There are 2 protein chains.
Amino acid sequence: MRPYAQVLEQLRTAGLRPTRQRLALAKLLFENGPRHMTAEALHVEAQKAAIRVSLATVYNTLHQFTEAGLLREIVVDTSRSYFDTTTYEHGHFYHEGSGLLMDIEDQVQLAHMPNLPAGTKISGVDVVIRLSDA
Amino acid sequence: MRPYAQVLEQLRTAGLRPTRQRLALAKLLFENGPRHMTAEALHVEAQKAAIRVSLATVYNTLHQFTEAGLLREIVVDTSRSYFDTTTYEHGHFYHEGSGLLMDIEDQVQLAHMPNLPAGTKISGVDVVIRLSDA
DNA sequence: TTCACTGCAAATGATTTGCAAAGCA
DNA sequence: TGCTTTGCAAATCATTTGCAGTGAA
């Protein structure tokens, strides 16, 4: 539930114009609580909401929002990209059967951080718990 | 450094014939310590070793070995699949710039396991520490 | 003799890109 | 007016698949 003003602000900061398509997609993404969307799914949802936007623009917009810090890309499946509206670092449950991706609400932390290879620094820590039906 | 006999044994168990291509690829994969390979990289390596094998067969073989439990697939990048010769659960360092994937030697465990969604069970826990140059 | 296996080339599917038309500052 | 943005269709790229030929039991 990110406020409209914040979206505008971040678009402006990123040098992105608040076009009809970007605002409409932002509304779908941010006015419904935390979400995990694929480009295809967002496009379908836009169509249903009678928003005229091409799939190419959905892809562009997702990447631009990610660079602007409004979204975070989550890698759980080689066959498609997921974008998460929750941008701080947190773990995920991934249900392989359904393709459903969920935030892990509890704090998941590593018991201890391993030593890094020389000359490197951490750019992110991904924790994915893969689920199947019990 | 998996022994030849074990590879044969696991191929037999999986109902896979020990063909020239499978044995040659197994040798490249398992006789050089722990490795993380993409299909493309393994194909190039095979060519250099004068092993005649098509890219399609490399793909088939990687998947068959994975199903047979000789390899584990690691998801770190939507643009390509990595296969790990170390099959027990362990974390990875992924260097985004170079595409290099490394095992984390220290034991990385979660500080505590979160509650799972109802009706699900864990099929795997992936920990990936993304690295960039310091 | 049969069924598995391989290689080739074509198909696939998600994503990206080139470019002309349309939109916003 | 001048730079962005969009949409379409074509291009890409890793991966998969159809199928005829090859090989192993």
Side-chain angles (χ1 to χ4, degrees), chain A residues 7-28 36-47 49-68 70-71 73-83 94 99 101, chain B residues 7-8 10-28 36-47 49-68 70-71 73-83 94 96 99 101:
Chain A
V7 172
L8 275 181
E9 170 59 24
Q10 290 196 249
L11 289 183
R12 191 177 308 119
T13 303
L16 298 171
R17 289 180 182 170
T19 62
R20 173 179 62 76
Q21 290 88 337
R22 286 181 185 144
L23 292 177
L25 293 175
K27 189 171 179 189
L28 289 179
H36 302 85
M37 303 285 286
T38 61
E40 195 72 50
L42 181 56
H43 187 232
V44 167
E45 195 166 303
Q47 315 262 256
I51 296 164
R52 285 179 300 98
V53 58
S54 71
L55 184 55
T57 295
V58 171
Y59 274 105
N60 288 336
T61 302
L62 286 171
H63 287 131
Q64 290 154 352
F65 282 12
T66 300
E67 277 176 42
L70 288 163
L71 294 174
E73 190 171 354
I74 309 295
V75 178
V76 286
D77 184 329
T78 32
S79 77
R80 60 183 173 242
S81 292
Y82 285 81
F83 295 85
Y94 182 60
L101 185 63
Chain B
V7 171
L8 274 181
Q10 289 197 250
L11 288 183
R12 191 177 309 118
T13 302
L16 297 172
R17 290 180 181 170
T19 63
R20 174 178 63 74
Q21 290 86 338
R22 286 181 184 144
L23 292 177
L25 292 176
K27 189 170 180 188
L28 288 179
H36 302 85
M37 303 287 284
T38 62
E40 196 71 50
L42 181 56
H43 188 232
V44 167
E45 195 168 302
Q47 315 260 259
I51 297 165
R52 285 178 299 97
V53 59
S54 71
L55 184 54
T57 294
V58 171
Y59 274 105
N60 288 336
T61 300
L62 287 172
H63 287 131
Q64 290 154 352
F65 281 13
T66 299
E67 278 176 43
L70 288 163
L71 294 174
E73 189 170 355
I74 309 295
V75 179
V76 288
D77 185 331
T78 31
S79 77
R80 61 185 167 225
S81 292
Y82 284 83
F83 295 85
Y94 183 58
E96 314 241 30
L101 185 63

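All figures in this text were calculated on a predicted structure; none of them were measured in a lab. Chain A is the first sequence line, chain B the second, and so forth, proteins listed ahead of strands; every chain is numbered from 1.
Taking A:Phe83 as the reference, A:His63 meet the ring-ring contact (aromatic ring centres under 6.0 Å, His included) condition, with sequence neighbours excluded. For B:Thr78, there are no side-chain hydrogen bond (donor to acceptor under 3.5 Å, both in side chains) partners, not counting sequence neighbours. The side chain to side chain contact (heavy atoms under 4.5 Å, CB included) test applied to B:Gln47 returns B:His43, not counting sequence neighbours. Every residue two or more places apart in sequence or in another chain that forms a side-chain hydrogen bond (donor to acceptor under 3.5 Å, both in side chains) with A:Arg80 is listed here: A:Tyr82. Judged as a salt bridge (Lys or Arg N to Asp or Glu O under 4.0 Å), and not counting sequence neighbours, B:Arg20 has no contacts. Residues satisfying the side chain to side chain contact (heavy atoms under 4.5 Å, CB included) criterion with A:Glu67, sequence neighbours excluded, are absent altogether.
For the pair A:Leu25 CG and D:dG7 C1', the computed distance is 14 Å after rounding to whole Å. One can place OH of A:Tyr59 at 18 Å from P of D:dA10, the figure rounded to the nearest angstrom. In this structure, the CG atom of A:Leu11 is 16 Å from the P atom of D:dT4, given to the nearest Å. Taking atom CZ on B:Arg80 and atom P on D:dC13, their separation rounds to 13 Å, with Å as the unit. As a whole-Å value, the separation of B:Phe83 CZ from D:dA14 P is 14 Å. When the P atom of C:dC24 is taken as reference, atom CZ of A:Arg12 falls 16 Å away, rounded to whole Å. Taking atom NE2 on A:His63 and atom P on C:dA14, their separation rounds to 15 Å, with Å as the unit.
Among pairs with a residue in residues 49-60 of chain B, those fulfilling side chain to side chain donor-acceptor pair (under 3.5 Å) read B:Ser54-B:Thr57, at least two apart in sequence or across chains.
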Do any N or O atoms of the protein come closer than 3.5 Å to N or O atoms of nucleotides 1-8 of chain C, and which pairs are they?
from: C:dA4; atom 1: O4'; to: B:Arg17; atom 2: NH1; distance (Å): 3.4
from: C:dA4; atom 1: O4'; to: B:Arg17; atom 2: NH2; distance (Å): 3.3
from: C:dC5; atom 1: OP1; to: B:Arg17; atom 2: N; distance (Å): 2.8
from: C:dC5; atom 1: OP1; to: B:Arg22; atom 2: NH1; distance (Å): 2.8
from: C:dT6; atom 1: OP1; to: B:Thr19; atom 2: OG1; distance (Å): 2.7
from: C:dT6; atom 1: O3'; to: B:Gln21; atom 2: NE2; distance (Å): 2.8
from: C:dG7; atom 1: OP1; to: B:Gln21; atom 2: NE2; distance (Å): 3.3
from: C:dG7; atom 1: OP1; to: B:Arg52; atom 2: O; distance (Å): 3.4
from: C:dG7; atom 1: OP2; to: B:Ser54; atom 2: N; distance (Å): 3.0
from: C:dG7; atom 1: OP2; to: B:Ser54; atom 2: OG; distance (Å): 3.2
from: C:dG7; atom 1: OP2; to: B:Thr57; atom 2: OG1; distance (Å): 2.6

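Distance alone, capped at 3.5 Å, places no donor-acceptor pair between the A:Gln21 side chain and the A:Val53 backbone. For the pair A:Arg22 (side chain) and A:Thr61 (backbone), a donor-acceptor distance under 3.5 Å is absent.
For the segment residues 36-44 of chain A, no residue has any heavy atom less than 4.0 angstrom from an atom of DNA chain C.
Looking at heavy-atom distances under 4.0 Å, B:Thr78 makes no contact with the nucleic acid at all.
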